[in-house]
Amino acid sequence: MIRIDRLHAHAGSFELRDVSFELPSGLYGVLMGKTGSGKTTLLEAICGLRWIKSGRVWLGEEDVTDWPPARRGIGFVPQEPSLFPHLRVREQLGFALSVRNWSTSEQARRVDEIADWLGLRPLLERPIHGLSGGECQRIALGRALAFQPRVLCLDEPLSALDQETRDAMCELLGSIQKRAGVTVLHITHNATEAGRLADRNFFLRDGRIES
Amino acid sequence: MKRASTNTAPLSSADRRFYAALAVLGGSYGVMVAALLLADLAYTTPGHLWTSLQSSEIRYAIRLSLLSCTLTTLMSLWVAIPLGYLLARRRFPGSVLVDLLVDIPMVLPPLVIGLSLLILFQTAPGRMIERVLPVTYAVPGVILAQFMVSCAFAVRTMRTTFEQMNPRAEQVALTLGCGRAEAFWRVALPAAKRGVLAAATLAWARSLGEFGPILVFAGATRFKTEVLSTTVFLELSVGNLEAAIAVSLLMVMAAVIALLLLRRWGGEPNLGQAGPA
């Protein structure tokens with residue numbers, strides 16, 4: 001579960017004011033809003049990447065407001081995949097596992113599993129240069145899923161993809177969410193995308209949540 | 001750094017005249033540089049070059065130059081990587097002042113840097129250091145004089161490198177379980193590899209060309225503090241033009257190699273700032 005309680009946060013001159021909402025465990029939440037409405041700021045605040053002026057962030061029964069991002073156990077997929085340029089696909093997928101000191105065999109097993117889910121097997125030994133936008137997004141998704149996060153935050157992950165790839169990714173996201181049983185908060189301003197994926201919809205307007 | 005793609009479309013006659021005017025105006029400088037190098041080459045012969053480079057003084061200067069430039073480069077990176085990252089990623093009280101201070105050695109007249117070093121080592125803390133490790137008019141003085149200028153260029157290169165890198169990848173690393181330091185080591189630094197190589201090459205080339213601060217602070221004593229740049233000065237002062245040109249050509253060769261490496265690694269520094277002092 002994600003619960004946001006009267007959250008205030010700044011991004012430059014922009015301010016999120018008194019934002020509260022709740023997304024129950026295992027559901028797919030879609031957060032919509034115009035460009036500049038504060039969607040990314042909110043997602044960053046949930047992930048621990050942005051300083052919160054006041055309010056609380058709860059994950060399950062835990063108040064994680066003062067926790068560093070590493071401790072929150074949130075898988076984050078930004079708008080641009082932000083893959084690590086020096087790592088091969090296998091190392092990208094295993095990055096969080098390596099940080100957590102999983103054994104080599106456990107890492108390999110989990111990476112293979114994730115690669116099968118996302119259709120990345122043929123790419124595992126490749127460097128990221130020259131991969132398509134859709135492939136990069138699938139790798140970013142796999143990298144965030146590999147350590148079995150309790151929450152997945154997706155910041156417009158499909159916005160830069162062509163229609164065909166976007167449709168395929170939409171289907172993939174829905175099936176992956178069900179398979180992993182993870183709670184997902186997905187930002188988009190594409191109503192079709194929201195309609196296909198959302199169990200719950202939230203609208204952010206001028207720094208406030210409207211249901 | 002990516003270059004914009006070059007336009008290779010066919011040109012109209014007006015376009016041709018425009019580009020020809022640019023080529024004439026700007027190309028004259030390129031012609032002048034080429035003329036300088038050709039004049040140096042024409043003045044000497046391979047035999048002269050070989051004989052000059054056999055002299056024990058010049059061989060000592062080559063060895064000391066290689067040693068001091070390499071040490072200077074390592075010291076510059078030691079400072080430039082953390083400072084460049086800090087300045088690129090954080091605003092902190094005094095960051096503007098630090099930024100300004102780091103740039104000062106790039107704009108100060110080189111002789112002033114040497115003089116300032118000389119004065120610094122006449123103060124009480126300076127004299128204390130001198131009692132443990134002689135610096136003034138000694139090899140450590142050569143390295144310190146080179147470092148004071150080279151480090152500024154390395155810091156600027158590293159800062160630009162980190163500024164050009166989207167911090168999102170480091171933020172993702174934080175959510176994947178890294179602390180700040182681990183995100184730096186595992187993500188930012190490997191991604192900045194080309195910038196590090198460019199900063200190292202620039203620091204090395206810059207310290208090879210350093211002259212003013214070395215002359216003032218470390219002197220130009222044969223078999224003691226003589227490096228290639230001071231060799232040119234010493235050989236000229238005794239009228240041995242062949243040897244001066246031989247060493248100059250050696251430095252030109254090193255500079256060209258450094259520039260080729262810089263281009264390869266993507267660092268495109270202001271070459272006006274990278275020339276010998």
Side-chain angles (χ1 to χ4, degrees), chain A residues 12 40 43-50 59 64 67-88 91-102 127-129 136-137 139-157, chain B residues 1-5 77 81-82 84-86 88-93 95-96 157-201 261 264-268:
Chain A
T40 298
L43 213 62
E44 288 174 344
I46 294 171
C47 291
L49 298 171
R50 184 166 291 282
L59 294 181
V64 302
W67 289 13
R71 202 179 151 199
R72 297 189 183 205
I74 297 176
F76 175 48
V77 180
Q79 188 172 358
E80 66 286 10
S82 301
L83 299 179
F84 307 137
H86 58 294
L87 299 182
R88 291 177 178 275
E91 294 159 334
Q92 307 271 351
L93 296 181
F95 185 86
L97 314 179
S98 155
V99 171
R100 286 168 171 74
N101 294 318
W102 284 32
I128 61 161
H129 308 291
C136 288
Q137 277 300 4
I139 295 164
L141 180 63
R143 181 180 61 179
L145 276 171
F147 71 100
Q148 296 164 326
R150 49 181 164 177
V151 169
L152 199 55
C153 285
L154 313 175
D155 187 1
E156 301 188 43
Chain B
M1 192 184 298
K2 284 185 179 172
R3 282 170 186 279
S5 60
L77 288 182
I81 292 172
Y85 187 74
L86 184 66
R89 288 285 184 263
R90 299 295 298 178
R91 286 290 163 267
F92 53 90
S95 59
V96 175
T157 305
M158 287 317 304
R159 183 189 168 162
T160 308
T161 299
F162 286 123
E163 277 174 345
Q164 286 172 349
M165 284 165 45
N166 190 339
R168 217 24 143 196
E170 291 151 59
Q171 292 176 343
V172 170
L174 295 179
T175 66
L176 293 173
C178 289
R180 283 273 170 208
E182 202 174 8
F184 173 76
W185 282 110
R186 281 178 175 260
V187 176
L189 195 54
K193 187 176 76 180
R194 288 163 68 95
V196 173
L197 291 172
T201 312
L261 290 174
R264 182 177 165 78
W265 288 324
E268 296 200 7

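Chain naming here is simple, since letters A, B, ... match the order of the sequence lines and numbering starts at 1 in each. Below, all heavy atoms of this structure are taken into account, side chains as well, without hydrogens, waters or symmetry copies.
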Structural part of B/Ala183 lying under 4.5 Å from a heavy atom of chain A = neither

Decide yes or no on side-chain contact (heavy atoms from CB on, under 4.5 Å) for A/Phe95 and B/Val187, but give the supporting numbers first.
-> CA-CA 10 Å; A/Phe95 185 86; B/Val187 176; 3.8 Å; yes

Heavy-atom contact with chain B under 4.5 Å, split by part of A/Gln79 | neither

Under a 4.5 Å heavy-atom cut-off, does chain B meet the side chain of A/Arg71, its backbone, both or neither?
-> neither

Under 4.5 Å heavy-atom distance to chain B, tell me which part of A/Asn101 shows up: side chain, backbone, both or neither.
-> neither

Evaluate whether atom CZ of A/Arg50 has more than 12 neighbouring non-hydrogen atoms of other residues, nucleotides or ligands under 6.0 angstrom away.
-> yes

Is it the case that more than 12 heavy atoms not belonging to B/Arg90 sit under 6.0 Å from its CZ atom?
-> no

Could you walk me through whether B/Lys193 and A/His86 pass the side-chain contact (heavy atoms from CB on, under 4.5 Å) test, one step at a time?
-> CA-CA 9 Å; B/Lys193 187 176 76 180; A/His86 58 294; over 6 Å; no

Quick one: what part of B/Gln171 sits under 4.5 Å from any heavy atom of chain A, side chain, backbone, both or neither?
-> both

Which atoms of A/Pro68 approach chain B - backbone, side chain, both or neither, heavy atom under 4.5 Å = neither

How close do A/Pro85 and B/Ala191 get, heavy atom to heavy atom, and via which atoms?
-> CG-CB, 3.7 Å

Nearest non-hydrogen partners of B/Cys178 and A/Ala70, listed with the distance | O-CB, 3.6 Å

Evaluate the criterion side-chain contact (heavy atoms from CB on, under 4.5 Å) for residue pair A/Phe84 and B/Arg186; output intermediate values, then yes/no.
-> CA-CA 9 Å; A/Phe84 307 137; B/Arg186 281 178 175 260; over 6 Å; no

Main-chain N/O of B/Leu176 paired with A/Arg100 side-chain donor or acceptor, under 3.5 Å | yes

